[in-house]
Amino acid sequence: MTTQSHDKIESDRPQTPSQEDCCGNSCNPCIFDVHQKLLKEWEEKKNCKFNELRGENYLSLIKYKKFVVKSIVEASENCIYLEIKCVPDERCRLFLTPGQHVMIRLNSTSKPYTPITWDDKKIKFLIKLYEDGIASDCFKKLKIEEELFVRGPYGDFIYNRNCYQYVVMLSIGTGIAAVYPIAVSICKDELEDTRVHMFMGFRSISHVPLKEELRTLTDYWNFECTLCLNEKMDASISGVTVVNKYLKEDYIQSLMDSYSKETTLILICGTPEFNKITKEVMIKREFKHYVFS
Ligand SMILES: Cc1cc2nc3c(=O)[nH]c(=O)nc-3n(C[C@H](O)[C@H](O)[C@H](O)COP(=O)(O)OP(=O)(O)OC[C@H]3O[C@@H](n4cnc5c(N)ncnc54)[C@H](O)[C@@H]3O)c2cc1C
């Protein structure tokens, strides 16, 4: 899609009324209700137009598509970056939205993974290698140029620009893979007024992937990042706050004091136990908007 066609679609977005446009007489429909309706119609039209302009997606929801391994690089202790490339096809490109995941099939096993970056032809993943993990064992043996198969993308998380004052991301371990692309897309959007605060739990600094990428994100005015490390040690990443704290209930409770329960979106991604505890905190604190990925 050309930048002009993209800009044209964006410029058709219904203008958000200001507080002064509302007379305060509880009209039915209120100017804000009308705006919501117009916005919904515009979103629907925009999605149709995008699909028309962008061409076919190489990925399929129902069929595994062939990819080859382009690189395997150590990301942190027990984690690799895996970059894969699709088989060239003039008509097709890769389309994903931040936070979506795909199924990767290797030998006879198939597991979900969340792309951290991608372009028209390539996808990069952050993958934790478990001792005796079924897929992990396949990834450990994987060679450059070897074939693997992917279907997707899945996940219906939709983020709309400027709907929140803050997006707070709470993740542990490889949960960072789900929230990192969302943080990047918000920070790189020049029309965003929303601030992103990321809180990530890891065992130690050697378990932290994407260090350089996180440092780069801290150059954006609206990004702040705190690493919560379980093991006590001196560690630093320029621009990133590092604390020796366990990202668990009481600490999460205290973090949430700084945010409004109406205007904050909370994204949660970790183990089932972490997700459960964090959800309980959000319910207790009456936060209105929280999502698990
Ligand atoms: C939507 C989604 C997105 C995901 N995205 C990512 C991602 O981006 N990156 C990522 O790294 N992971 C991601 N995951 C997790 C991923 O799909 C796999 O579950 C993970 O990689 C482990 O798979 P495995 O086959 O290697 O390990 P498994 O075989 O599932 O084993 C995992 C661990 O459990 C242990 N284990 C297995 N069975 C038992 C048992 N019976 N008793 C005790 N221990 C046992 C194994 O020894 C191993 O240490 C995602 C999961 C979901 C649901």
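In each ligand, atom 1 is the first atom listed, and ligand 1 is the first ligand listed.
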Discussion item. Between Lys66 and Glu147, is the salt bridge (charged side-chain N to carboxylate O under 4.0 Å, His left out) condition met? List the steps.
Written reply: CA-CA 7 Å; Lys66 196 195 284 182; Glu147 285 177 1; 3.3 Å; yes

Practice prompt. Could you walk me through whether Glu273 and Lys276 pass salt bridge (charged side-chain N to carboxylate O under 4.0 Å, His left out), step by step?
Written response: CA-CA 5 Å; Glu273 199 199 339; Lys276 182 173 167 277; over 6 Å; no

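Of the protein's heavy atoms, Lys111 NZ, 3.2 Å lies nearest to atom 30 (O) of ligand 1. Atom 11 (O) of ligand 1 has its closest protein heavy atom at Lys128 N, 2.8 Å. Nearest protein heavy-atom neighbour of atom 31 (O) of ligand 1: Gly133 CA, 3.9 Å. Of the protein's heavy atoms, Pro112 O, 3.4 Å lies nearest to atom 14 (N) of ligand 1. Counting only heavy atoms of the protein, atom 29 (O) of ligand 1 lies nearest to Ile134 N, 2.9 Å. Shortest contact from atom 32 (C) of ligand 1 to any protein heavy atom: Tyr130 CG, 3.9 Å. Ranking the protein heavy atoms by distance from atom 9 (N) of ligand 1 puts Leu126 O, 2.9 Å first.
Residue contact check: Glu131 has heavy atoms under 4.0 Å from atoms 46 (C), 47 (O), 48 (C), 49 (O) of ligand 1. Of all atoms in ligand 1, listed by their number and element, those nearer than 4.0 Å to a heavy atom of Ala135 are 24 (P), 25 (O), 26 (O). Close contacts between ligand 1 and Thr114 involve ligand atoms 3 (C), 4 (C), 5 (N), 6 (C), 7 (C), 8 (O) [criterion: under 4.0 Å to a heavy atom]. When each atom of ligand 1 is checked for a heavy atom of Ser136 under 4.0 Å away, the hits are 24 (P), 26 (O).
Remark: atom 34 (O) of ligand 1 lies closer than 4.0 Å to no protein heavy atom. Within a 4.0 Å radius of atom 41 (N) of ligand 1, the protein contributes no non-hydrogen atoms. Atom 44 (N) of ligand 1 lies below 4.0 Å from none of the non-hydrogen atoms of the protein. Note that atom 38 (N) of ligand 1 has no protein non-hydrogen atoms nearby, at separations under 4.0 angstrom. Within a 4.0 Å radius of atom 52 (C) of ligand 1, the protein contributes one or more non-hydrogen atoms. Of the protein's heavy atoms, at least one falls inside 4.0 Å of atom 3 (C) of ligand 1.
For Tyr113, a nitrogen or oxygen atom sits less than 3.5 Å from a nitrogen or oxygen atom of ligand 1, counting backbone and side chain alike. Where the criterion is an N or O separation shorter than 3.5 Å, residue side chain and backbone included, Ala177 fails it with respect to ligand 1. When only interatomic distances are considered, the shortest N/O to N/O separation between His101 and ligand 1 does not fall below 3.5 Å. By the 3.5 Å distance cut-off applied to N or O atoms, Ile127 is not counted among the residues near ligand 1.
No side-chain N or O of Tyr180 forms a donor-acceptor pair with one of Thr117 less than 3.5 Å apart. For the residue pair Thr194/Glu192, the side-chain donor-acceptor check at 3.5 Å is satisfied. Of the N and O atoms on the side chains of Arg195 and Gln165, not one donor lies less than 3.5 Å from an acceptor on the other residue. Side-chain N/O atoms of Glu213 and Thr216 include no donor and acceptor closer than 3.5 Å.
Between His101 and Tyr113, the ring center distance fails the sub-6.0 Å criterion. Phe157 and Phe292 have their aromatic ring centers separated by at least 6.0 angstrom. In summary, the aromatic rings of Tyr259 and His197 are positioned with their centroids under 6.0 Å apart.
The shortest separation from a heavy atom of Phe125 to ligand 1 is not under 4.0 Å, leaving the residue out of contact.
Atom CZ in Phe95 sits 6.0 Å away from atom CG in Asn57 (nearest 0.5 Å).
Ion pairing between a basic and an acidic side chain is recognised when a charged N comes within 4.0 Å of a carboxylate O; Asp119 and Arg93 show no such pairing. Under the 4.0 Å criterion applied to side-chain N and carboxylate O atoms, Glu146 and Lys143 are not assigned as salt-bridge partners.
Stacking of Lys188 on the aromatic ring of Tyr220 is not recorded, the 6.0 Å distance cut-off and the 45° axial limit not both being met.
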